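For reference, the structure is listed below as structure tokens.
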Amino acid sequence: MALLPILRYPDPRLHKVAKPVQVVDDRIRTLVRDMAETMYDAPGVGLAATQVDVHERVVVIDVSEDSNDLRVLINPEIIWKSEETQVYEEGCLSVPGIYDEVQRAARIRVRTLDEQGETREFDAEGLLAVCVQHELDHLMGKVFVEYLSPLKQNRIKTRLRKQEREALKV
């Protein structure tokens with residue numbers, strides 16, 4: 001297993017749309033293991049392959065308190081969303097140190113493949129629903145800050161570029 005470098009906003013590679021996984025094989029299972037290790041190390045509760053510069057529809061999520069409930073989503077799709085919404089403060093491993101409120105569907109139903117290539121469906125609400133929607137946005141080339149006002153987006157870009165420049169000086 002290996003830790004993978006996480007792309008940082010506003011890296012243009014974060015805006016690439018991920019392609020469907022054609023075959024769930026050992027290459028994909030290795031990617032899943034490496035992504036899970038990277039997510040837990042960061043630490044985070046979700047990671048999309050797009051964030052590690054792999055543009056395939058793969059996501060790992062673990063919203064459990066003890067980090068012991070890894071969910072693997074391959075070619076995930078939301079097949080139903082509630083009309084009811086919720087506002088949740090979100091953060092992102094690709095946008096470190098930035099948190100803001102985003103409105104999303106309160107409940108969703110997801111269809112996905114697991115690590116064996118078997119089709120699964122599950123319902124999600126609360127943090128899990130938020131996390132799934134957030135990670136699926138990544139697969140479509142969208143970062144959560146794009147839900148914010150242009151002014152906030154520009155401030156975030158400026159702050160992250162400044163942090164990057166300061167990190168290079170050290």
Side-chain angles (χ1 to χ4, degrees), residues 4 6-7 9 13-95 98-149 153:
L4 304 171
I6 298 172
L7 299 177
Y9 180 80
R13 294 172 289 180
L14 288 168
H15 298 293
K16 282 186 172 182
V17 175
K19 295 185 178 352
V21 170
Q22 298 302 313
V23 178
V24 179
D25 56 13
D26 286 342
R27 179 184 68 83
I28 294 297
R29 286 185 278 276
T30 298
L31 173 63
V32 164
R33 284 191 302 275
D34 291 347
M35 286 175 58
E37 183 179 354
T38 301
M39 175 189 71
Y40 288 129
D41 182 72
V45 295
L47 186 67
T50 301
Q51 293 176 269
V52 294
D53 203 20
V54 176
H55 303 283
E56 293 182 86
R57 294 185 60 80
V58 178
V59 167
V60 293
I61 292 174
D62 188 341
V63 297
S64 68
E65 290 288 320
D66 300 326
S67 299
N68 61 359
D69 187 25
L70 181 67
R71 291 177 181 260
V72 175
L73 285 61
I74 300 170
N75 294 340
E77 58 180 325
I78 295 172
I79 58 174
W80 175 83
K81 289 183 180 187
S82 67
E83 289 185 24
E84 177 190 355
T85 61
Q86 64 183 348
V87 175
Y88 221 91
E89 186 175 71
E90 296 186 25
C92 181
L93 296 176
S94 291
V95 193
I98 305 295
Y99 301 89
D100 214 317
E101 293 183 338
V102 177
Q103 184 171 337
R104 298 188 185 271
R107 293 180 312 285
I108 59 173
R109 180 167 300 124
V110 180
R111 180 178 298 136
T112 187
L113 299 178
D114 64 15
E115 289 177 274
Q116 284 67 50
E118 300 293 324
T119 300
R120 303 276 183 239
E121 285 187 15
F122 65 92
D123 293 331
E125 60 185 351
L127 179 57
L128 179 59
V130 169
C131 192
V132 169
Q133 292 172 84
H134 176 112
E135 300 307 332
L136 268 60
D137 275 354
H138 277 300
L139 298 180
M140 297 307 297
K142 188 170 186 174
V143 180
F144 91 96
V145 296
E146 293 170 46
Y147 286 99
L148 308 178
S149 71
Q153 288 180 47

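These figures come from a predicted structure and were not determined experimentally.
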* Considering non-hydrogen atoms only, spot the tightest contact between Ala49 and Met35 and give its length. =>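 Here Ala49 and Met35 meet closest at N-CE, 3.3 Å.
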* State which residues pass salt bridge (charged side-chain N to carboxylate O under 4.0 Å, His left out) with Glu101; sequence neighbours excluded, sorted by chain then number. =>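 Residues passing salt bridge (charged side-chain N to carboxylate O under 4.0 Å, His left out) with Glu101: none at all.
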* To do: Check step by step if salt bridge (Lys or Arg N to Asp or Glu O under 4.0 Å) holds for Glu77 and Arg57.
  => CA-CA 10 Å; Glu77 58 180 325; Arg57 294 185 60 80; over 6 Å; no
* Asn75 and Thr112, any side-chain heavy atoms less than 4.5 Å apart ->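 Answer no - side chains too far apart.
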With distance as the sole test, does [X] use its side chain to make a donor-acceptor pair with the main-chain N or O of [Y] at under 3.5 Å?
X	Y	result
Glu135	Ala48	yes
Arg29	Glu115	yes
Gln133	Ala129	yes
Glu118	Leu113	no
Ser94	Leu7	yes
Asp62	Val45	no

* Would you please say whether a donor-acceptor pair under 3.5 Å links the side chains of Asp137 and Tyr147? =>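 Yes, a side-chain donor-acceptor pair sits under 3.5 Å.
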* To do: Please lay out, stage by stage, how Thr30 and Arg27 fare under the test side-chain hydrogen bond (donor to acceptor under 3.5 Å, both in side chains).
  => CA-CA 5 Å; Thr30 298; Arg27 179 184 68 83; over 6 Å; no
Side-chain donor-acceptor pairs of residues 67-74 under 3.5 Å, sequence neighbours excluded:
| from | atom 1 | to | atom 2 | distance (Å) |
| --- | --- | --- | --- | --- |
| Asn68 | OD1 | Ser64 | OG | 3.3 |

* Asked: Going by an N to O cut-off under 4.0 Å, is there a salt bridge joining Arg111 and Glu121?
  ->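 A salt bridge links Arg111 with Glu121.
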* Under the ring pair (Phe, Tyr, Trp, His ring centres under 6.0 Å) rule, collect the residues that match up with His134, sequence neighbours excluded. =>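 For His134 the ring pair (Phe, Tyr, Trp, His ring centres under 6.0 Å) partners, ignoring immediate neighbours, are His138, Phe144.
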* Asked: Which of these passes side chain to side chain donor-acceptor pair (under 3.5 Å) with Thr85: Arg104, Arg107, Gln103?
  ->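 Exactly one candidate clears the test, Gln103.
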